[in-house]
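Worth saying up front: this structure is predicted, and the values here are computed from it rather than measured. What's counted below: heavy atoms across the whole structure, side chains too, no hydrogens, waters or symmetry copies. When a residue number appears, it is its place in the shown sequence, counting from 1. Whatever order the structure lists ligands and atoms in, that order sets their numbers, starting from 1.
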Amino acid sequence: MPATPAWPPRSAPRLFVPGPLAEGAEVALDGQQAHYLAKVMRVAAGDAVVLCDDRTGEWTARVAAVSKRDVVLVAEARTRPREEVPDFTLCAALLKKPHFDLALEKATELGVRRIQPLVTRRCVADRLNPERARAIVTEAAEQCARTALPELAEAVKLDALLRDWPADRVLFFADETGGEPAASAFAAHAGPAALLIGPEGGFDDAERAAVRALPQARPISLGPRILRGETAAIAATALWMGVAGDWA
Ligand code: SAH
């Protein structure tokens, strides 16, 4: 007897929708999502789609109707609950657009819970378009089959971040002027964590002193080379996931 084909097929499109999803819930998509399903993926009535709502988890759904304006889907069965995401926040200074976009995408793939964009004195870019950033992380989450979106915080200034820093969260400070080797620092601090990465021009002396004065801050080194901000963010996030996150 031939094996039952896996359902939904691996190639089924994945989308985050507002939800909440439930058995039999009808989901009408328009705009870019309808365009993606109808024109790019060429779905037809009866086809399978995988939906996530960032609340209840992952569902299989079936296309009920495709029209010029919208695509209507019906959720059928929940296939996974919303995943537990490691408690790791990436606090990254804004970078020039393509570099920050890359950091957003890769941090999402690597499994961060929260992204906190920062404005520091040497930031070249000082603004982030929240809708665009949201679209990048959502697409990355769909691509890597996350069932939970990373939380995307509003950009804040470094001093505001430090002022309100919670007592129980370690802040690993990626400092190219020196610190504890990152892997051993990560291994030594279980629990809620965050990683601070500077902009293209790095932190100035006053900023570096302010971060180092925070009792929860742990300066770390990412090796002997000076990495670009996005490389530092991606490499250190991956290392944390391997040492203290959910790669076990
Ligand atoms: N100040 C540097 C460049 C900063 S690199 C210069 O202009 O020469 C951007 C950010 O990446 C830094 O602020 C730091 O947070 C991180 N980073 C880069 N290389 C690093 C390393 N070897 N160790 C720790 N952090 C590093």
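For the side-chain hydrogen bond (donor to acceptor under 3.5 Å, both in side chains) with Glu151, the qualifying choice from Gln116, Arg114, Arg113 is Arg114, the only one to do so.
Each of the atoms 3 (C), 19 (N) of ligand 1 lies under 4.0 Å from some heavy atom of Ile226. Interface atoms of ligand 1 facing Ile220, defined by a heavy-atom separation under 4.0 Å, are 24 (C). Those atoms of ligand 1 with a heavy atom of Pro199 less than 4.0 angstrom away are 4 (C), 9 (C). When each atom of ligand 1 is checked for a heavy atom of Gly202 under 4.0 Å away, the hits are 1 (N), 4 (C), 13 (O).
Under 4.0 Å is where a charged nitrogen must lie from a carboxylate oxygen, and between Glu131 and Arg134 no such pair does. Arg228 has no carboxylate O lying under 4.0 Å from a charged side-chain N of Glu200, or vice versa, which leaves the two without a salt bridge. With salt bridges taken as basic N to acidic carboxylate O contacts below 4.0 Å, one links Arg208 and Glu176. Using a cut-off of 4.0 Å between Lys/Arg side-chain N and Asp/Glu carboxylate O, Arg122 and Asp204 are scored as not salt-bridged.
Comparing heavy-atom distances from atom 23 (N) of ligand 1 across Leu195, Leu222, Thr120 singles out Leu222 as nearest. When the heavy-atom distances from atom 4 (C) of ligand 1 to Glu200, Arg208, Glu230 are ranked, the shortest goes to Glu200.
By the 3.5 Å distance cut-off applied to N or O atoms, Ile197 is not counted among the residues near ligand 1. Ligand 1 has an N or O atom lying under 3.5 Å from an N or O atom of Arg225, backbone or side chain. At least one N or O atom of Gly198, backbone or side chain, sits closer than 3.5 Å to an N or O atom of ligand 1. Considering backbone and side-chain N/O atoms, Arg228 never comes within less than 3.5 Å of an N/O atom of ligand 1.
The protein atom (non-hydrogen) at minimum distance from atom 16 (C) of ligand 1 is Ala232 CB, 3.6 Å. Of the protein's non-hydrogen atoms, the one nearest atom 5 (S) of ligand 1 is Leu227 O, 3.1 Å. Closest to atom 14 (C) of ligand 1 among all protein heavy atoms lies Ala174 O, 3.2 Å. At the shortest separation from atom 2 (C) of ligand 1 among protein heavy atoms lies Glu176 OE2, 3.4 Å.
Distance alone, capped at 3.5 Å, places no donor-acceptor pair between the Asp175 side chain and the Pro219 backbone. Checking side-chain atoms of Gln33 against main-chain N and O of Phe16 turns up a donor-acceptor pair under 3.5 Å.
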Subject >> Chi angles and distances behind the salt bridge (Lys or Arg N to Asp or Glu O under 4.0 Å) call for Asp101, Arg132 >> reply: CA-CA 9 Å; Asp101 289 356; Arg132 218 174 138 270; 2.5 Å; yes
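The proximity of Asp175 to ligand 1, defined as any non-hydrogen pair under 4.0 Å, is limited to the backbone.
Using modelled atom types, one finds no donor on one side chain facing an acceptor on the other under 3.5 Å when comparing Thr147 with Glu58.
Residue Arg212 places its CZ atom among more than 12 non-hydrogen atoms of other residues, nucleotides or ligands, all under 6.0 Å distant.
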